[in-house]
A.B. asks: 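Here you go, one structure.
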Amino acid sequence: MNLDTLNPAQREAVEKTDGPVLILAGAGSGKTRVLTTRIAHLMEDKGVQATNILAITFTNKAANEMRERVEETIPGANTKEMWISTFHSCCVRILRKDINRIGYNRSFVIYDSGDQITLVKDCLKELNLSDKVFEPKSVISAISGAKDKLYNPKQFKAIHLSDNRMSKIADIYALYQDRLKRNSALDFDDLIYKTVELFKEEKEVLDFYRSRFKYIMVDEYQDTSKAQYELIKVLAKEHQNICVVGDDDQSIYGWRGADIRNILEFEKDYDDVHTVKLEQNYRSTQIILDAANTVISNNIERKRKKLWSEKKEGELIKIQLSDNEVDEADFIADTIARVARRDRRPYKDFAVLYRANAQARSIEDALNRSQIPYNIYGGTKFYERKEIKDLVAYLRVIQNPQDDISLKRIINVPRRGIGLRTIEKIEDRASLKQESIYSVLIDIDTNSDISTKARASISGFVDIIGTLRTISTVYPVSKLIEKVLDTTGYLDELEKDKSEDSQDRIDNLKEFISIALEFEQNNEEKDLQTFLTSVALTSEQSNDEENDKVSLMTIHTSKGLEFPVVFLTGMEEGLFPISRAVRSMNDSEIEEERRLCYVGITRAKEELFMTLTKKRTLYGKTNPSIASRFMEELPLECIEKLNKMEKELTYSKANYNILDKYTKKYMNNVNKSTVATNVKATIKDSQKETDIDDIKLGSKVHHPKFGIGTVVAMVGTDVTIAFDQQGIKKINKEYTTLDLL
DNA sequence: TATCATTTACTTTTT
DNA sequence: GTAAATGATA
């Protein structure tokens, strides 16, 4: 194995194969190259068998890339025996083999976040808890946090004994787990949690994998959770041949359970850790690196490192201030067109990055206007579309009829006259008998409290599922899907409706069939269960990367990618760093935002543009902007302002306080008025309109529906009015006729 | 029970 | 601004 092309640090990281190794790999320092070379070195020079290697990544994409590159490095290597996979698919593989030892069904289904919400709602109903007080989303994030930290419901309850709300959530957690098990389902967090549990409880299983995985490598280690950390630790316990690669400065998934301490304290957790820092950057110009280094140096909690490059200084970072998001987008489109022409760059050299998906729209519009082709990454995912989820629910029920959540989703889709009342009755019966809904459906005839009509529909449904179940064992998945769409009448229903929307849905379903066909071609195991697993664990949409298009994505999504020209947009307080207005951010949240900014800057190879606006409309509300504090952290010698920045706009303590006050006041008004009433106060198509400028704070007005009131607040296009009879209401002045008194 | 109107939420999301 | 969830009505 020739290691001469590596730099000294990279070479050290490759050659130090035994014992714990921490590789701190800065952005663009060639870490994938180091990892693949290391695997090749293990096999070629150290005689390690492929079966003894475990390489863990976070994305399927990274796993595939790594496997391909190992194959390139050692042609003919038998990489099939090597486990190069994501945490989740690695765990599924382990669990499918042995989860029955801890009381689960080996043919479990995997629930996505949508299913989780449905299940939590069911649990809330059963516990008679309000979903207003216990918002399903926040309940799930609490449960997910608990699982990431390896707390079972009992432990979770014990920790939060003094906290009433949290201890109620612990009860929900307990029921939630119970229901998952009864449905033969695991959620994403369970995949990790249950594997750790399996290893803890079944020594035999643990020993098997311990002796198999003699060399373990973990990529993106800064993103591991406590549970993932524990999983690796327990596997590596004996041989200690564990190599983790990561960059604490690129830890941007703290909100998803990633525990940055895992990487910061790796040296404490293992004995005799060999640490290698990869600081030479092969990606960006020195100016871009200087900017990135300076910004990130404002973080306190980090391992010191400084990226350097042999590349030339390069272009200054250009900063553009626009009036609003439309102008910002136009600037981006114009600049792309100009630079593409000037430097003869293909469109795929450009990326437009933003903090929130909602920003994409205006950019899309501008690119469309300029006829610049683009690809959007992220947003609503393919598998989250209603029709796809319905279809997947059918497939799941076929594979595992115990899956109540999926069954309830499709029992009346398309409508077959099994209404809410009937379902409720069946559910009651199921929980009484501690059985699955499907088993109640099967002997529905013995059920007297259900109408004959409903009973007929139900046995029709049971017949359909029964037939499909029989077919499923012999048909390939693509054929099975066609059968499902056909026999359930799902496709018919869509075809009857001639709307554009339905045509889109039909196209999506066809797309799903071709995904199934592709699956059949690429996999040795072609059964339904394997297909469903792959659907659950894959979210990447096949964006045609071959094409010459500009890339639009969030900064999160851009991690690990690089582009010659990058636009970082919306560099404004409140948007980046983002804040949820009411609650101001704490230091660690700001540090994570700053790391995100670091990730964004370091995506650029040659040119970087940063854009911001004077005022921005987001979610239908227009607010004045203040420059992001990260702009102030850029070294002056690295930047060039394309237009003059106004003083009020720059980030400073004083300006920030003004914004803060404004935001608080704004939030107060919104809360008060929306809490006070549920009555709609918007009237469209009004004949005449009162000139809005005439209305001032304290004005007496007459509203056609609510009568006389006083204006107590005005924000954006919303007027909040205290009515004499109806209480406080928020009214959109653009759509309402108000008579000034 | 189905459909329409109205309200509500809305950061990021590798699996 | 907008999709999805909820609530009111036929």
Side-chain angles (χ1 to χ4, degrees), chain A residues 56-63 85-92 110-114 117-118 121 131-132 135-137 141 144 148 186-192 219-220 222-225 228 250 252-258 325 353-359 361-362 365 377-381 383-386 412 415-423 453-454 501 533-540 553-561 570 574-581 585 589 592-593 595-596 599-600 617-622 670 674-675 677-682 684 717 730 732:
Chain A
I56 299 277
T57 62
F58 268 81
T59 62
N60 296 304
K61 199 174 160 197
S85 74
T86 64
F87 267 108
H88 296 265
S89 49
C90 164
C91 287
V92 169
I110 300 164
Y111 277 180
D112 65 21
S113 45
I117 290 186
T118 319
K121 280 184 187 162
D131 60 358
K132 290 268 149 40
E135 284 172 68
K137 261 198 186 155
S141 89
S144 169
D148 281 338
L186 300 190
D187 64 20
F188 282 129
D189 304 310
D190 277 341
L191 295 177
I192 316 290
D219 194 11
E220 306 281 16
Q222 76 281 353
D223 290 335
T224 49
S225 65
Q228 290 164 334
Q250 291 189 70
I252 53 174
Y253 286 104
W255 50 274
R256 257 184 114 264
E325 71 283 348
L353 309 182
Y354 34 82
R355 177 63 245 256
N357 280 311
Q359 289 169 258
R361 178 179 302 271
S362 50
D365 289 347
Y377 295 77
T380 352
K381 280 187 218 73
Y383 292 119
E384 266 159 35
R385 304 204 134 94
K386 198 182 286 156
N412 201 29
R415 280 188 285 283
R416 42 175 80 88
I418 307 175
L420 282 170
R421 289 302 306 270
T422 316
I423 296 173
K453 213 173 173 186
D501 193 52
T533 305
S534 122
V535 167
L537 297 184
T538 320
S539 69
E540 280 143 40
M553 65 186 86
T554 64
I555 310 174
H556 280 91
T557 316
S558 76
K559 195 172 79 159
L561 306 174
L575 183 59
F576 192 24
I578 207 159
S579 67
R580 295 226 341 194
M585 299 184 97
E589 285 171 315
E592 182 149 316
E593 292 290 308
R595 291 193 291 270
L596 191 58
V599 167
T617 309
L618 206 60
Y619 305 126
K621 289 250 148 49
T622 307
V670 170
T674 46
V675 167
T677 175
N678 285 320
V679 186
K680 190 169 160 71
T682 306
K684 290 176 187 168
T717 55
K730 189 180 72 179
N732 190 315

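Side chains included, hydrogens not; waters and symmetry mates left out as well; all remaining heavy atoms used.
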A.B. asks: Using a 5.5 Å cut-off between ring centres and planes within 30 degrees, is Tyr253(A) stacked on the base of dT12(B)?
C.D. replies: no
A.B. asks: Starting at CG of Leu191(A) and ending at C1' of dT15(B), how long is that distance when rounded to a whole Å?
C.D. replies: 8 Å
A.B. asks: Just to confirm, is there a sub-4.0 Å distance from OP1 or OP2 of dT13(B) to any side-chain nitrogen or oxygen of Asn357(A)?
C.D. replies: yes
A.B. asks: Whole angstrom is fine here: how far is it from CZ in Phe58(A) over to P in dT12(B)?
C.D. replies: 20 Å
A.B. asks: I want to check one thing: is the phosphate of dC10(B), taken as OP1 and OP2, less than 4.0 Å away from some side-chain N or O of Lys137(A)?
C.D. replies: yes
A.B. asks: Does Arg256(A) have a side-chain nitrogen or oxygen under 4.0 Å from the phosphate oxygens OP1 or OP2 of dT15(B)?
C.D. replies: no
A.B. asks: Do Thr554(A) and Thr557(A) have side-chain N/O donor and acceptor atoms under 3.5 Å apart?
C.D. replies: yes
A.B. asks: At under 4.0 Å, does any side-chain N or O of Thr59(A) touch on OP1 or OP2 of dT15(B)?
C.D. replies: no
A.B. asks: Hey, is the side chain of Asn60(A) poking within less than 4.0 Å of OP1 or OP2 on dT14(B), counting only N and O atoms?
C.D. replies: no
A.B. asks: Would you check if the side chain of Thr118(A) reaches a backbone N or O of Gly114(A) as a donor-acceptor pair within less than 3.5 Å?
C.D. replies: yes
A.B. asks: Could you state the interatomic distance from CG (Asn60(A)) to NE2 (His88(A)), rounded to the nearest 0.5 Å?
C.D. replies: 10.0 Å
A.B. asks: Please work out which of the three classes, parallel, tilted or perpendicular, describes the rings of His556(A) and Tyr253(A), given edges at 30° and 60°.
C.D. replies: tilted
A.B. asks: So which nucleotide from dT1(B), dT3(B), dT12(B) ends up closest to the side chain of Trp255(A)?
C.D. replies: dT12(B)
A.B. asks: Determine: side-chain N/O of Arg595(A) to OP1/OP2 of dT12(B), distance under 4.0 Å, yes or no.
C.D. replies: no
A.B. asks: Any side-chain N or O of Ser89(A) under 4.0 Å from OP1/OP2 of dT15(B)?
C.D. replies: no
A.B. asks: Hey, is the side chain of Arg355(A) pairing donor to acceptor with the base of dT11(B) inside 3.5 Å?
C.D. replies: no
A.B. asks: Quick one: which of dT15(B), dA2(B), dT11(B) gets closest to the side chain of Arg415(A)?
C.D. replies: dA2(B)
A.B. asks: dT14(B) P sits how many Å from Ile555(A) CD1, rounded?
C.D. replies: 15 Å
A.B. asks: Just compare dA2(B), dT13(B), dT15(B) and give me whichever is closest to any side-chain atom of Asn412(A).
C.D. replies: dA2(B)
A.B. asks: Will you find, in the side chains of Asp219(A) and Thr57(A), an N or O donor that is under 3.5 Å from an N or O acceptor?
C.D. replies: no
A.B. asks: Between dT14(B) and Thr538(A), is there an OP1 or OP2 to side-chain N/O distance shorter than 4.0 Å?
C.D. replies: no
